[in-house]
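In what follows, a single structure is set out as structure tokens and then discussed.
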Amino acid sequence: MQTKTYNTTPYDDQKPGTSGLRKKVKVFQQPRYLENFVQSIFNSLDDFQGKTLVLGGDGRYFNRQAIQIIIKMAAANGFGELIIGQGGLLSTPAASNIIRKYQAFGGIVLSASHNPGGPDEDFGIKYNVSNGGPAPEKFTDALYLNTKTISSYQIAEIDDVDLDSVGELSIDHLKIRIIDSVADYAELMAKIFDFELIKQSIAAGLINLRFDAMHAITGPYAKHILEDVLGAETGSVFNAVPLEDFGGGHPDPNMAHAHELTKIMFADNAPTFGAASDGDGDRNMIMGANIFVTPSDSLAIMAANARSIPAYAKGISGVARSMPTSQAVDRVAAALNLPCYETPTGWKFFGNLLDADKITLCGEESFGSGSNHVREKDGLWAVLFWLNLIARKRQPVADIVHEHWQKYGRDIYCRHDYEAVDLDIANDIVDHLRRQLSRLPGKSWGDYIVKYADEFSYTDPVDNSVSANQGIRIGFSNGSRIVFRLSGTGTVGATLRIYIEKYERDITQLDQDSGQALAELVEIAELLCEVKKRTGRTEPDVIT
Ligand code: G1P
Ligand code: ZN
């Protein structure tokens with residue numbers, strides 16, 4: 001195989017964010033931009049000669065071109081084997097599973113998750129390590145340094161590989177395997193859940209489901225598992241064909257973006273169960289007839305009922321949630337006497353805890369939950385967890401949620417996002433918040449008395465690494481919280497996220513409308529951060 005070394009010069013904007021490098025497609029299409037980043041990944045790795053790399057993406061625009069380039073660069077850099085999803089497709093959790101199952105050295109996942117796709121939209125790339133999880137900060141920091149000094153990259157002069165036919169080929173020392181994108185993942189799910197029971201419940205009409213794949217990667221996975229294997233009616237999975245631009249939509253499974261599903265689930269005679277997943281298949285939204293389950297509640301309910309699921313029947317070792325996620329799961333952990341960890345935002349912080357078996361389940365308010373079965377969050381896994389739970393409990397979603405609230409109280413929750421805020425204004429807002437922290441404890445607005453105000457810093461209990469500046473927390477003496485942080489995944493300006501949470505223990509008040517219940521805290525949040533005043537905006541872009 002002929003390989004060629006090309007000279008290059010660094011780009012200064014290749015710092016990986018919460019989940020890899022995400023930029024507009026046009027940025028990635030600049031000469032040598034992708035090549036620089038991929039070579040910098042390889043330059044940050046040791047001892048991978050002859051080893052296996054997994055490759056796949058969510059199918060968005062530029063996925064195919066990028067995969068061909070990465071194949072040639074991986075070949076030139078000395079990998080021995082490439083395992084690639086058919087058509088260049090692998091959902092993020094499926095890629096994590098393939099890395100683990102075939103004991104690969106690592107994997108490159110091409111995705112910008114829930115961000116829109118298309119020539120004028122977003123693309124992304126991230127590196128996952130041998131445990132199947134996103135590379136830790138230590139790696140992404142070294143990678144960023146390498147992007148700033150890169151001077152050449154290597155590429156093999158080989159033909160494009162046929163990505164569409166499952167099979168194997170060899171080019172000199174390199175073996176390339178194109179695998180069915182769905183089969184290994186479906187097999188894993190069948191090991192975790194009671195498929196027979198779910199199948200019976202669907203056949204008996206106890207479960208009548210709709211799944212919105214949002215024209216993204218979970219279409220083929222959900223069609224196969226929910227319809228072919230579990231017997232849901234044909235068409236239960238809709239928007240099932242992955243499209244390069246997600247049909248022009250925003251493939252983020254929340255009520256703002258999955259409006260088709262939301263309409264179905266809040267109609268008269270709604271199905272008993274509804275769910276959606278995002279661009280790369282790691283997020284989930286859970287709904288029942290006329291009810292939306294917040295991701296924070298979903299995590300808490302999963303933790304409380306884990307023993308109903310075959311894979312967790314012997315009990316779970318502990319739980320973790322990202323800092324802004326509501327404290328609902330903490331209450332379950334306390335009641336079950338389980339360790340509970342609070343980590344910074346981003347799935348990579350769960351990896352060490354899962355590897356060390358300190359936790360079995362974990363999740364984030366941003367519609368992500370998962371377990372020790374892979375090292376990414378997993379959208380369809382969460383859907384199957386709920387289906388298994390409903391089949392076991394023989395109860396509608398609304399009853400499962402209400403019973404949970406009655407037992408543990410309800411953490412009423414919402415998140416306000418202000419998107420594409422001018423970077424300077426956003427940084428000023430955070431500085432302004434920081435300057436107030438020391439003066440806030442003891443301050444009160446009505447019933448809300450500030451108990452603590454700090455900037456979250458995390459020390460990983462496994463490797464003792466410290467991640468500072470992970471968001472501003474304002475806690476109140478009645479258990480309520482307001483959290484502020486800037487997004488690490490946005491591609492335009494800055495996104496300010498405000499997370500608002502109120503704890504309600506009074507069982508006569510559990511059914512409150514969350515907008516009303518949180519109105520006072522929303523006002524306090526504005527007094528503290530002044531986002532409306534400073535940007536001239538009157539409301540958030542997205543409320544979830
Ligand atoms: C967002 C979510 C975070 C999630 C990440 C990747 O990151 O808030 O929980 O892990 O996407 O899906 P953010 O944009 O807030 O940095
Ligand atoms: Zn995602």
Side-chain angles (χ1 to χ4, degrees), residues 15-22 56-60 90-96 109-117 122-126 128 133-134 137 140 213-214 216-218 221 242 246 250-254 257-258 276-285 294-296 299 320-326 342-351 362-370 374-382 413-421 426 430 456 467 469-472 483-499 541-542 544:
K15 186 173 170 48
T18 312
S19 190
L21 184 69
R22 284 192 199 164
D58 62 13
R60 66 179 57 229
L90 280 179
S91 77
T92 290
S96 183
V109 182
L110 303 174
S111 164
S113 186
H114 49 285
N115 295 7
D122 292 355
F123 189 74
I125 171 166
K126 70 173 173 175
N128 281 27
E137 269 192 339
T140 50
M214 304 189 85
I217 190 74
T218 47
Y221 292 85
F246 307 115
H250 195 138
D252 202 0
N254 54 47
H257 295 304
S277 188
D278 72 329
D280 63 330
D282 57 359
R283 295 188 172 198
N284 74 86
M285 173 166 70
T294 71
S296 298
L299 174 65
R321 63 163 170 86
S322 67
M323 182 273 280
T325 302
S326 98
E342 182 177 43
T343 58
T345 296
W347 208 259
K348 60 186 171 212
F349 295 100
F350 295 132
C362 46
E364 298 190 273
E365 53 63 44
S366 53
F367 297 78
S369 43
V374 287
R375 292 296 180 272
E376 290 277 6
K377 55 185 176 254
D378 190 344
L380 261 174
W381 167 89
Y413 189 85
C414 81
R415 178 176 114 183
H416 288 192
D417 290 342
Y418 290 83
E419 295 175 346
V421 175
V430 175
F456 182 55
S467 303
N469 305 334
Q470 297 294 325
I472 303 235
V483 169
F484 302 90
R485 61 178 281 281
L486 295 182
S487 156
T489 60
T491 53
V492 183
T495 295
L496 175 70
R497 304 203 194 284
I498 308 178
Y499 310 81
D541 296 277
V542 186
T544 48

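Residues: numbered from 1 along the sequence shown. Remember, it's 1-based here, ligands and their atoms both numbered in the order they're listed.
- At a threshold of 2.8 Å, the Zn ion (ligand 2) has a backbone or side-chain N, O or S atom of Ser113 nearer than that distance.
- Contact analysis puts Arg415 in contact with ligand 1, with a non-hydrogen atom separation below 4.0 angstrom.
- Vertex the Zn ion (ligand 2); arms to Asp278 atom OD2 and Asp280 atom OD1; angle 80° (nearest 10°).
- Within the structure, the closest approach of Ser322 to ligand 1 does not fall below 4.0 Å when heavy atoms are considered.
- Side chain of Arg321 to main chain of Met323: a donor-acceptor pair is present (N/O by atom type, distance under 3.5 Å, no hydrogens or angles).
- In terms of polar-atom proximity, Thr345 is not counted as a contact of ligand 1, lacking any N or O under 3.5 Å from an N or O of the ligand.
- The protein heavy atom nearest to atom 6 (C) of ligand 1 is Lys377 NZ, 3.5 Å.
- With hydrogens and angles disregarded, a donor-acceptor distance shorter than 3.5 Å links the side chain of Arg60 to the backbone of Asp122.
- Proximity of Met323 to ligand 1, defined as any heavy-atom pair under 4.0 Å, is not found for any part of the residue.
- Close contacts of ligand 1 with Gly346, meaning ligand atoms under 4.0 Å from a residue heavy atom, involve 10 (O).
- Below 3.5 Å of separation, one finds an N or O of Gly488 facing an N or O of ligand 1.
- In terms of protein heavy atoms, atom 9 (O) of ligand 1 is closest to Ser366 OG, 2.6 Å.
- Taking a cut-off of under 4.0 Å to the non-hydrogen atoms of Arg497, the atoms of ligand 1 that pass are 8 (O), 13 (P), 14 (O), 15 (O).
- For Asp417 (side chain) and Glu419 (main-chain N/O), no donor-acceptor pair under 3.5 Å exists by modelled atom type.
- The aromatic rings of Tyr499 and Tyr413 lie tilted to each other, with the angle between the two planes from 30° to 60°.
- Under the 3.5 Å distance criterion, the side-chain polar atoms of Glu364 are matched with a main-chain donor or acceptor of Gly346.
- To the nearest 0.5 Å, the span separating CG on Leu486 from OG1 on Thr345 amounts to 11.5 Å.
- Between Ser113 and ligand 1, not a single N/O pair is under 3.5 Å apart.
- Between Leu380 and Ser277 there is no side-chain heavy-atom pair separated by less than 4.5 Å.
- The shortest side-chain heavy-atom distance between Pro324 and Arg485 falls under the 4.5 Å cut-off.
- The protein non-hydrogen atom at the shortest distance from atom 1 (C) of ligand 1 is Arg283 NH2, 3.7 Å.
- The backbone N or O of Ala276 sits nowhere less than 3.5 Å from a side-chain atom of Arg283 that would complete a donor-acceptor pair.
- Within Asp282, the N/O/S atom positioned nearest the Zn ion (ligand 2) carries the name OD1.
- Closest to atom 10 (O) of ligand 1 among all protein heavy atoms lies Glu364 OE1, 2.7 Å.
- With hydrogens and angles left out, the side-chain atoms of Ser369 and Asn284 include a donor and acceptor closer than 3.5 Å.
- Contact annotation for Ser487 and ligand 1: heavy atoms of both the backbone and the side chain come within less than 4.0 Å of the ligand.
- Thr218 places no side-chain N or O within donor-acceptor distance of the main-chain N or O of Gly281, the cut-off being under 3.5 Å.
- The shortest contact between atom 7 (O) of ligand 1 and any protein heavy atom is with Thr489 CG2, 3.5 Å.
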